[in-house]
Amino acid sequence: MPELPEVEIIKKSLKKNVLFKKIDNVLIKNRNLRFKIQRNIKKFLIGKKITNITRRSKYLIVHFEQDCFLIFHFGMSGTLHLIRNKNIHQTNLSFYNSKTLPKKHNHVELFFSNFKLIYNDPRRFGYLKFIFSFNELNFFFNNMGPEPLDSNFNFNYLKKKLKGKKKNIKNLLLDQKFVSGLGNIYVNEILFYSKINPHLKGKKIDDFKIKKIIKYSNEVVEKAIKKGGSTIRDFKNSKGEMGLFQNEFKVYNRENRNCVRKKCSGKIERVIISNRSTFLCKYCQK
DNA sequence: AAGAGGCCCTGATAGC
DNA sequence: TGCTATCAGGGCCTCT
């Protein structure tokens, strides 16, 4: 599901609901995720009070007292569900009420005094990890590139990083060491706005295009957060959960439809780059 | 050493 | 209805 904007939305609504709450109990129903859940994680979590909820890139970070942390990565299909006791339905962005809670693939349940938080992940590409110190946390994120909205993601940084790069710009923007937080949807959109062909090699990106990339990375990500993220396919029946940014897509999922630029007569094409769907207008994106 | 591709997994949907 | 094929918001690992 989530790229940076979606995780940001999850962070915000989680913060409203679970800040300063204490974990009473933990149920591990299935340890098999991308990485196996640590065997003794239950022992570490029980009795801990949540002191903050933050995000780095596509990772959600739950902070506890005494400098320990629980990191969530949602992979392609990971979701969090807040379930109130006694059927009180919470219609809060990015949470599902108990009616829409999937029955299968609930991997972890965290119990609080009057609600529980469930991590569900059918494809198991996500994972969670308990972190024991600030040092370990910093180390974990050490190799990650700046985020699109970070001031370090600037002209000089891109200029330097793109120099001599044979990799195409699409794969570069998907590379979390290059810039972190973007995924397939937002990279497609950013390249369309920037009028850059996804196949263009890094070293061929001139100064003008670098500025475009920065400008539209910022705009697309900011707007997506404002709109509550993108909801494409999961849990169609759920209500009150949907992000709205999918209505703003200019190229993603728009194969064979007309280019939205007024003077352009092109059609959106779908091609494959490194096994991922790539949407572009060949007339606009050079 | 950088870059391309395979692969991990389940579920939804389209086409026959 | 039921089969098969294809596709999906990610990223680690291996091979060249």
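Convention: sequence-line order gives letters A, B, ...; per-chain numbering from 1.
- Along DNA chain B, the nucleotide closest to A:Asn275 and the one closest to A:Lys166 are compared, and the more 5′ of them pairs with A:Lys166.
- Remark: C1' of C:dG11 and CZ of A:Phe35 are 8 Å apart, rounded to the nearest angstrom.
- Residues A:Asn188 and A:Arg254 bring no donor and acceptor atom of their side chains to less than 3.5 Å of each other.
- Phosphate contact (OP1/OP2 of B:dG11, side-chain N/O of A:His105, threshold under 4.0 Å): present.
- Atom CG in A:Asp175 sits about 16 Å away from atom P in B:dA1, given to the nearest Å.
- For the P atoms, the distance linking C:dG11 with B:dA1 amounts to 24 Å, nearest Å.
- Put simply, the side chain of A:Arg123 and the base of B:dC9 share a donor and an acceptor less than 3.5 Å apart.
- Between B:dG6 and C:dT6, the two P atoms lie 14 Å apart (nearest whole Å).
- A:Met144 places its CE atom 8 Å from the P atom of C:dC12, with the value rounded to the nearest Å.
- Dashed line: the shortest gap from a side-chain N or O of A:Arg34 to OP1 or OP2 of C:dC12 is not under 4.0 Å.
- Between A:Tyr59 and A:Phe141, the distance from one ring center to the other falls under 6.0 angstrom.
- In this structure, the CG atom of A:Leu33 is 12 Å from the P atom of B:dC9, given to the nearest Å.
- Here C:dC7 presents its P atom at 10 Å from CZ of A:Phe279, a figure rounded to the nearest Å.
- For the pair A:Glu3 (side chain) and A:Lys58 (backbone), a donor-acceptor distance under 3.5 Å is absent.
- For C:dG10, the OP1/OP2 oxygens have no side-chain nitrogen or oxygen of A:His73 closer than 4.0 Å.
- Taking for each of A:Arg270 and A:Tyr127 the nucleotide of DNA chain C with the nearest heavy atom, the 5'-most of the two is the partner of A:Arg270.
- Among the protein residues, A:Asn184 comes within range of the sugar-phosphate backbone only, with heavy atoms under 4.0 Å from sugar or phosphate atoms but none that close to a base.
- OP1 or OP2 of C:dA8 sits under 4.0 Å from a side-chain N or O of A:Ser277.
- Distance from the side chain of A:Lys167 is smallest to B:dG3 among C:dG9, C:dC12, B:dG3.
- One finds a side-chain N or O of A:Lys58 lying less than 4.0 angstrom from the OP1 or OP2 phosphate oxygen of C:dG10.
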TODO: Go through the steps to decide whether A:Glu219 and A:Lys223 satisfy the test salt bridge (charged side-chain N to carboxylate O under 4.0 Å, His left out), and finish with yes or no.
DONE: CA-CA 6 Å; A:Glu219 281 189 20; A:Lys223 191 168 184 188; over 6 Å; no

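- Put simply, CG on A:Leu172 is 7 Å from P on B:dG3, counting in whole angstrom units.
- Across all strands shown, the partner of B:dG15 is C:dC3, judged by Watson-Crick or G-U wobble contacts whose two distances both fall under 3.5 Å.
- In terms of phosphate contacts, A:Tyr252 brings a side-chain nitrogen or oxygen within less than 4.0 Å of OP1 or OP2 of C:dG9.
- The cationic group of A:Arg257 does not satisfy the cation-pi geometry with A:Phe279, failing either the under 6.0 Å distance to the six-membered ring centre or the 45° limit from the ring axis.
- Using a 4.0 Å cut-off, no side-chain N or O of A:Arg276 falls inside it from OP1 or OP2 of B:dG5.
- With a 3.5 Å ceiling on both atom-pair distances, B:dC9 lacks any Watson-Crick or G-U wobble partner.
- Put simply, NZ on A:Lys161 is 9 Å from P on B:dA2, counting in whole angstrom units.
- Between A:Gln176 and the phosphate of C:dG10, there is no side-chain N or O to OP1/OP2 separation shorter than 4.0 Å.
- Among B:dC8, B:dG11, C:dG9, the nucleotide with an atom closest to any side-chain atom of A:Phe125 is B:dC8.
- Summarising the geometry, the separation between CD on A:Glu255 and P on B:dT13 is reported as 18 Å, rounded to the nearest angstrom.
- Here A:Phe245 and A:Tyr186 bring their ring centres to under 6.0 angstrom of each other.
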